[in-house]
Undergrad: 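I am attaching a structure below and will ask some questions about it afterwards.
Just so it is clear, the values below take in all heavy atoms, side chains as well, and ignore hydrogens, waters and symmetry mates. Predicted model, so just to flag it, every value in this text is computed and none were measured. Labels below follow one simple rule: chain letters A, B, ... track the order of the sequence lines, proteins then strands, and each chain is numbered from 1.
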Amino acid sequence: MPQELLKEQWPNAIDVITIGATSQEGGTRDRAIKVGGQNGLPYLFEESDMPNKPVIAMEVFDIEPVDWPDTLKKPYGDVLSNPVEWAKKCETEFKADLIALRLAGTHPDAGNKSESDAVKLVKDIIANVKIPLIILGSNDEEKDNLILPKCAEVTKGEKCLIGDAAQKNYKTLTAACLAYGHNIIAESPIDINIAKQLNILITEMGLPSDRIIINPTVGALGYGLEYAYSIMERGRIAALGGDKMLAQPFICFVGQEAWRAKEAKASASEFPEWGKELERGILWEAVTASAFLQAGADILIMRHPKSIEIVKENINQLLQK
Amino acid sequence: MDKFKITFYPEKKTIEIGKGKTLLSAAISLGINLNSSCTGDGVCGRCKVIIKKGSVSTLPSGRITNEERKKGLYLACLTTALSNVEIEIPPESRLDLSKLSDEEAFLSRLKGVYTKAESIEKSEPVINEDIFIHSPLSTRLYLEMPDPNLQDRISDLERVYRQIRKVRDVKIMQTGLANIRHLGNLLRSSDFKVTVTLGNRNDTTEIVLIEPGDTSKNNFGIAFDIGTTTISGQLVNLNTKQILGTKATFNQQATFGNDIITRIIYAQKEEGLSRLHHAVIDGMNDMIQALIKENNIDLNNVTCCVCAGNTTMTHLLLRVDPTYIRRDPYVPTANFVPVIRSQEAGIKINPRGLLGCVPGISSYVGGDITAGVLACGMDTEKDLCLLIDIGTNGEIVLGNREWMISCAASAGPAFEGSGVSCGMRAREGAIQRVKINKSTYESDVTTILNSKSAGICGSGYIDLIAEMLRAGIIDKSGKIKDIENKHIRVGKLGKEFVVDDNIYINDVDIDNIKRAKGAIYSAAAILVKHMELNFSDIKKVFIAGGFGNYLDMENAITIGLLPDIERSKFKFVGNSSLLGAREIMLSSDAARKAEEIAKKITYFELSTDPKYMDEYVAALFFPHTDANRFANIKL
């Protein structure tokens, strides 16, 4: 007698979130990206569907990054000091699904760029790049609350994804996303309870749950990856089991975490036994990303074009039924 | 060694201290209560004083701003004198330990014991006091003995024993040497007519006291509930069981920290244990004095007292080092303390009077809970019951007559009106009921004794937050929303909602209450889950704590303090610890029961359960992160 697979049926599905709007939809993007919609645990096609595949966003900074190792800077050549060119390169050459514009230079300690600088850059990127846009603040509450609403205003209709909203500071950004039709990133410190609380608070302000993406906060391989993994897994199981306030796609900031790891950054001369630094860094980012794909990540924010290539290949393999 | 005179204003009290002693320790020695939640570690920044005259040396602290430094403010705990010093204490640095409360206000709460909240129509007595045989911890017997003669030549002491056994079935009897020394003369000078005070000391009966004449009518005892934040005492006529008076006061140990852990740490400091011990017995002795004065009773006629407190409080009362309560594997020195002489613990009643301590269960579930279980009769219930004691330490007991399991969670003193901006204990002027107009945000408040509002007590806070949620003044995380309204203003610590003349609640207060209710709810939830049960399986929920009848159950559920189950299951038992202590004082039968209960209850350590933190964070929301658990609460 052939053995029959035990199939799990879940009562709930993850919300589908649309990022970017084409001209028919009131924006200027050449495509819109959908994430979410799965009604089971990742890649178990025997028992569930995964209508939208995970996507990769590439980070672009408004000031030249200071803490990137040379191995990471190299593929970008001389565009790192020119955010518009940088974004174009990610779109055309590296085939990014989305651009994640990080306004790090607006931070009072890192250049303190003004609102008008930020707004101008956002406008330039919108004009020069056709893929959907993620706009990220500088992690300075006060400055973000000043700048992000302005960026939301000038991108009205583009259905961007803007972040991050946190439990202590979500109201201003939620109001801006509500007013200008954007999606929001809701960040919680590796805690599904807080993730859920924040989603409730945001939806209670009137932003529908299908415009929220959860940033569960992740760590790189060797730096708490398994902790973040299990939190995502628990969140997903709760969501599929019926918890609508956790049924949002996940965004994982893989690049920033992986490239902070000593194992990814340290030079070969420092640790000869660790092998070539280029290979090491790329793999560190790719392995971290692949693990979070298994945990249910929908959007990966990554840095090195080569790791992105590896992870894209990995996604395609995972999606083969 | 150099000594300097330190004078505190406005008290105008002076003390000489040695070089190197801090100003905080000088204040403590003078009995001046300064705020000091970190017990002098320089962390909390609440013991600010102004140096008016003299020179001092201080350690740098981030708790003093440049502006404050210019004004001459120093942290008393980090500052030592270099000369004679004059110090002014600003009002905000003062710890408000208001003395004995208005009795009436408190009494009316205690009267509510054993009845359900007003929202429950029919009141159902939970315990019948008479189920315990009346046999107080100490009894007084008047004896008229025949003079000895050549036919009846038994010794004086045996003569007394014989006479006692004629009226009492007493097996083992003992008497202290001090009494025996005086016995011969005493019996003869009083014509062999004496009153003996008998004490139940752990299965033996002791002749505690022998006095000439008949004083058997005057036999009084005092039951105490020693809480981390509040001490309550009740004077009882041991012959008639009549309650003559009840009082409550803040536990002055608060000078040394708000919670038991900080106090245990403080106990390890030089003179720490002795200061903590004196802080509690001073409060108790003041209360005893006030109670006997009001009732015109001679101190010598108070022959015993019984105390119920959490394990740390009991240790400190007896001046037993509580250090190991806090250290893994969290073992107390004693859970069962034999009946001792009150004097040994420094409690001033009749010098030979007795002190009983209600037996505890574990390091973090003490005699107050044993007394509580006894008072609500959980140990006789067939149905599944839950006892929730809402205090600075929230204790939970789950079970029935077959089995019982308990746990403890640190809730903080917010529900007792401490550690919150406008908090106060439930006494005259405390806001205990609040209604908020949903369009104007005008508050309609009810105060205890309908006096002018002076602050907010625990039940008032529960009402207030529930009403703020309903009116949409705060979001579900407890943050005051950005609303233009004359009742919402910005204060030092963020937004404030003004309830009444200068009485307000701010974001930080709401956070404190949220943590307190979260700790208690999640502890109960974990215990229920641990036994693989649901809240809906529970047939009776006893709510203990200072609230009495005044807790609005619907509001307590709305903020997520109590589980959302059928309202008729809740029974308010008020200060069940005090009640249990009284029962134990009045009946050796109850005392035996208490011992059985303490032995029977299993202790469950929350800190070793990995799920607790998760439950706790989930409970830090109004009413709860999982709205399904509070399906009847619509906000």
Undergrad: Kindly determine whether A:Glu204 and B:Leu635 satisfy side-chain contact (heavy atoms from CB on, under 4.5 Å), including the steps that lead there.
TA: CA-CA 11 Å; A:Glu204 289 201 337; B:Leu635 291 174; over 6 Å; no
Undergrad: Please say whether more than 12 non-hydrogen atoms of neighbouring residues, nucleotides or ligands are located less than 6.0 Å from NZ in B:Lys438.
TA: yes
Undergrad: Evaluate B:Asp475 against A:Lys171 for side-chain contact (heavy atoms from CB on, under 4.5 Å), listing each step before the verdict.
TA: CA-CA 11 Å; B:Asp475 64 26; A:Lys171 289 176 185 162; 3.7 Å; yes
Undergrad: Backbone N or O of B:Val617 within a donor-acceptor pair of the A:Asp191 side chain at under 3.5 Å?
TA: no
Undergrad: With rounding to the nearest 0.5 Å, note down the distance linking CG in A:Leu246 to OG1 in B:Thr625.
TA: 9.5 Å
Undergrad: Which residue out of A:Met205, A:Lys168, A:Arg234 racks up the most heavy-atom pairs below 4.5 Å with chain B?
TA: A:Arg234
Undergrad: Supply the atom-to-atom distance B:Phe621 CZ to A:Leu198 CG, rounded to the nearest 0.5 angstrom.
TA: 8.5 Å
Undergrad: Do you know which two heavy atoms are closest between B:Ser477 and A:Gln167, and how far apart they sit?
TA: CB-NE2, 4.5 Å
Undergrad: Taking side chain as everything from C-beta outward and backbone as N, CA, C, O, which of these in B:Asn628 sits under 4.5 Å from a heavy atom of chain A? Side chain, backbone, both or neither.
TA: neither
Undergrad: If you round to the nearest 0.5 Å, how far is CD1 of A:Ile194 from CG of B:Leu620?
TA: 8.0 Å
Undergrad: Run the numbers on B:Asp626 and A:Lys196 for side-chain contact (heavy atoms from CB on, under 4.5 Å), then give the verdict.
TA: CA-CA 9 Å; B:Asp626 183 0; A:Lys196 184 173 167 182; 4.0 Å; yes
Undergrad: In sequence, state the C-alpha distance, the side-chain angles, and the governing distance for B:Lys476 and A:Gln197, and then conclude on side-chain contact (heavy atoms from CB on, under 4.5 Å).
TA: CA-CA 8 Å; B:Lys476 284 179 177 166; A:Gln197 290 170 8; over 6 Å; no
Undergrad: Atom NE2 in B:His624, atom CG in A:Asn193: separation rounded to 0.5 Å?
TA: 7.0 Å
Undergrad: Applying salt bridge (charged side-chain N to carboxylate O under 4.0 Å, His left out), can you list everything that pairs with A:Lys143, at least two apart in sequence or on another chain?
TA: none
